[in-house]
Amino acid sequence: MIHRQEIANVLKSPTVGEDVTIMGWVRAWRGNRFMVLNDGSGAETLQVVVNGEDFDEETIRAIGFHACVGVTGELVESQGSGQAVEVVAKSITIHGAADLSEYPLQAKSQTMEFLRENAQFRMRTNTFSAVFRLRHALAYAVNKYFNDRNFYYLHTPIITGNDAEGAGEMFRVTTLDPASPPKDEDGNVDYSQDFFGKGTHLTVSGQLQAEIGALAMGKVYTFGPTFRAENSHTSRHLSEFWMIEPEIAFADIDNDQDLAEDFLKYLINYCLDNYRADLEFLDARIKQAEKNMKAELRRPMGLIEMLEFTVKDEFARITYTEAINLIQRSKPYKKKKFEFPVEWGTDLQAEHERWLVEKHFKKPVIVRDYPKSFKAFYMRLNDDNETVAAMDILFPYIGEMVGGSQREEREEVLRTRMKEMDVHEDELAWYLDLRKFGGCPHAGFGLGFERMVMYVTGMGNIRDVIPFPRAPKTADF
């Protein structure tokens with residue numbers, strides 16, 4: 001049996017003069033004497049002092065960048081600055097050497113693109129170990145938040161016959177031979193002979209199924225992978241990503257906004273309270289990266305300052321109509337600084353959303369009551385018959401963080417909306433049954449998990465906050 005102490009625990013309550021056994025990966029090796037180890041238990045490293053005369057030459061040569069090493073030695077007060085204690089090595093075990101002549105990562109700064117191509121090693125870097133510890137923290141906080149508020153975790157299907165968004169950009173799931181699939185009388189692929197007896201896809205959302213849970217158990221949430229077959233190469237899109245989707249019965253759009261704002265603040269506060277060291281490292285990394293940038297290109301606030309600012313005040317709340325009016329009266333609009341036109345009835349673009357958040361209100365903004373023309377069929381129609389009870393939460397740098405709505409609980413209104421948007425009733429008969437038998441006002445929202453991780457870590461590309469990104473032409477690992 002292997003016996004070791006985690007570095008995070010050694011540093012939490014160090015006992016000077018005691019022997020410790022630590023194991024980890026070498027982050028630095030200076031002068032064949034000072035070895036810096038990290039074992040992944042936290043952001044902290046522990047320095048090991050190696051007296052060369054106490055060890056054979058072969059062992060000393062095997063110590064290198066990202067080699068895996070075990071050390072037993074005495075914990076002593078550090079003679080240098082930056083750490084309170086260090087270990088004087090008595091024995092060293094080389095668990096896994098790393099020949100730098102062949103190892104893809106070198107002991108120097110690497111580009112994000114290079115690290116994506118070598119994702120089997122990128123978690124060993126300071127940046128990515130911090131990012132993925134924070135991803136873990138946020139995932140834990142999601143489940144804790146809902147559990148503590150009596151929500152039930154619902155596992156909705158990954159393979160589905162429904163398109164919740166109506167976008168049609170879905171990955172098909174089939175066992176039919178693509179070279180010679182069976183055809184029906186009209187010459188179309190006959191999916192009745194497929195594995196599930198119908199056409200199926202990877203899900204884009206668990207929302208519709210979550211409504212089943214909410215209208216029986218009151219409050220539920222989903223947290224799982226979702227998929228979009230969009231041929232998008234931007235820094236904000238993935239083909240496989242994780243979604244958090246709470247659904248609550250006996251709730252309207254105002255309840256929905258309150259829940260979403262409280263939830264987002266809770267997630268950020270959890271990281272600020274429990275993962276400060278990782279946030280401080282990423283904060284310093286961003287400041288260093290922006291040091292030589294023009295002032296107008298730098299973030300107006302540091303990472304931790306921005307996170308604390310986000311949770312300090314209530315989010316601004318406006319209607320879509322008010323948002324359009326504000327943008328049209330703005331200096332950038334009058335000076336034709338926006339790339340996309342702004343008029344009532346068109347969806348807000350990222351540049352408009354970021355202006356509202358970063359320039360006008362200078363804090364997160366909730367925009368509600370969007371035109372029905374570009375929103376989903378299931379969103380509740382407002383009394384004006386032109387807008388729906390939908391809301392988006394906009395964050396700095398990110399744009400849309402949350403999208404949600406009060407759901408249409410009136411059966412006949414829902415049927416009309418489905419016809420208007422060419423959603424076939426026969427495919428969603430069960431969804432209409434929820435309104436026909438014991439329906440009630442209910443609401444929910446979706447939070448793209450990777451966007452939240454981006455915001456908390458300050459990373460600029462969504463592919464850098466998921467361990468193994470899936471995107472067009474990218475399906476490695």
Side-chain angles (χ1 to χ4, degrees), residues 163-167 204-205 207-208 211 214 245-261 314-330 333 338 340-357 360-361 364-395 399-423 425 428 431-432 434-435 439-448:
D163 178 2
E165 299 295 328
V204 299
S205 169
Q207 178 211 308
L208 302 187
E211 289 187 49
E245 296 175 292
E247 202 71 31
I248 43 177
F250 316 113
D252 60 17
I253 188 65
D254 295 305
N255 301 120
D256 203 33
Q257 292 177 108
D258 290 346
L259 175 68
E261 179 172 345
E314 290 185 357
F315 296 174
R317 299 192 183 193
I318 59 174
T319 66
Y320 165 87
T321 301
E322 290 169 337
I324 292 296
N325 290 337
L326 285 170
I327 295 166
Q328 289 180 336
R329 293 198 301 265
S330 70
Y333 179 81
F338 290 125
F340 296 97
V342 184
E343 59 183 32
W344 203 98
T346 59
D347 203 356
L348 297 177
Q349 300 295 319
E351 60 180 349
H352 310 140
E353 295 172 339
R354 291 189 61 176
W355 178 84
L356 287 167
V357 173
H360 186 75
F361 288 102
V365 178
I366 305 179
V367 182
R368 60 175 286 175
D369 297 336
Y370 284 85
K372 67 179 182 179
S373 57
F374 57 80
K375 287 296 184 180
F377 71 92
Y378 51 74
M379 297 180 175
R380 195 181 199 278
L381 190 64
N382 288 328
D383 292 341
D384 61 13
N385 204 39
E386 293 294 331
T387 62
V388 290
M391 64 93 181
D392 290 340
I393 300 184
L394 314 178
F395 265 36
E400 182 188 332
M401 181 67 77
V402 160
S405 71
Q406 183 175 341
R407 315 311 189 191
E408 183 56 79
E409 84 280 10
R410 299 164 295 184
E411 182 188 355
E412 289 308 314
V413 177
L414 181 59
R415 287 183 187 276
T416 300
R417 288 285 290 145
M418 290 170 73
K419 287 178 182 176
E420 289 174 357
M421 304 192 73
D422 198 28
V423 177
E425 286 189 20
L428 286 173
Y431 191 69
L432 288 162
L434 295 175
R435 278 73 180 163
C440 71
H442 59 291
F445 62 82
L447 166 63

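Bear in mind the structure is a predicted one, so any value in this text is a computation, not a measurement.
- Counting all heavy atoms, side chain and backbone alike, Val402 lies closest to Ala260 at CG1-CB, 4.3 Å.
- Side-chain atoms of Lys419 and Glu425, non-hydrogen and from C-beta on, do get closer than 4.5 Å to each other.
- In this structure, Leu326 CG and His352 NE2 are separated by 13.0 Å, a value rounded to the nearest 0.5 Å.
- For Tyr370, the ring-ring contact (aromatic ring centres under 6.0 Å, His included) partners two or more places apart in sequence, or in a different chain, are Tyr320.
- Met418 places a side-chain heavy atom less than 4.5 Å from the side chain of Leu432.
- Considering only residues two or more places apart in sequence or on other chains, Gln328 meets the side chain to side chain contact (heavy atoms under 4.5 Å, CB included) condition with Ile324, Asn325, Tyr333, Val342, Glu343.
- Phe445 is listed as a side-chain neighbour of Met391, based on a closest heavy-atom distance under 4.5 Å.
- Annotation for Ala390 and Ser405: closest pair CA-CB, 3.8 Å, computed over non-hydrogen atoms.
- For the residue pair Glu322 and Thr319, the shortest heavy atom distance occurs at OE1-N, 2.8 Å.
- Among all heavy-atom pairs drawn from Leu428 and Phe377, the shortest one is CD1-CZ, 3.7 Å.
- Considering only residues two or more places apart in sequence or on other chains, Asp422 meets the side chain to side chain donor-acceptor pair (under 3.5 Å) condition with none of them.
- Glu420 is linked by a side chain to side chain donor-acceptor pair (under 3.5 Å) to Arg417, counting only residues two or more places apart in sequence or in another chain.
- The salt bridge (charged side-chain N to carboxylate O under 4.0 Å, His left out) pairs that include a residue from residues 365-376 are Asp254-Arg368, Lys375-Asp392, where partners are two or more places apart or lie in different chains.
- With hydrogens and angles left out, the side-chain atoms of Tyr378 and Glu211 include no donor and acceptor closer than 3.5 Å.
- Residue pairs satisfying the salt bridge (charged side-chain N to carboxylate O under 4.0 Å, His left out) criterion with at least one member in residues 402-411, sequence neighbours excluded, are listed as follows: Glu247-Arg407, Arg380-Glu409, Glu408-Arg410, Glu411-Arg415.
- Taking every heavy atom of both residues into account, Cys440 and Ala249 meet most closely at SG-CB, 3.9 Å.
- Residues that satisfy the side chain to side chain donor-acceptor pair (under 3.5 Å) test with Thr321, not counting sequence neighbours, are Trp344.
- Closest of all the heavy-atom pairs between Val388 and Leu381 is CG1-CA, 4.1 Å.
- Side-chain contact between Ile327 and Leu348 is present, with heavy atoms from C-beta onward closer than 4.5 Å.
- For Asp258, the side chain to side chain donor-acceptor pair (under 3.5 Å) partners two or more places apart in sequence, or in a different chain, are Arg317.
- Side-chain contact check for Tyr431 versus Val423: every heavy-atom pair is 4.5 Å or farther apart.
- One finds the CD1 atom of Ile366 at 9.5 Å from the CD atom of Glu314 (value rounded to the nearest 0.5 Å).
- Residues that satisfy the side chain to side chain contact (heavy atoms under 4.5 Å, CB included) test with Glu351, not counting sequence neighbours, are Phe338, Glu339, Phe340, Gln349.
- Every residue two or more places apart in sequence or in another chain was checked for a ring-ring contact (aromatic ring centres under 6.0 Å, His included) with Phe361, and none qualifies.
- Within 6.0 Å of CZ in Phe250 there are 12 or fewer heavy atoms belonging to other residues, nucleotides or ligands.
- No side-chain donor-acceptor contact under 3.5 Å links Gln406 to the backbone of Asp252.
- A distance of 8.0 Å separates CG in Leu394 from CD1 in Ile318, rounded to the nearest 0.5 Å.
- In terms of modelled atom types and a separation under 3.5 Å, the side chain of Glu261 and the main chain of Phe315 share a donor-acceptor contact.
- For His442, the ring-ring contact (aromatic ring centres under 6.0 Å, His included) criterion is met by no residue, not counting sequence neighbours.
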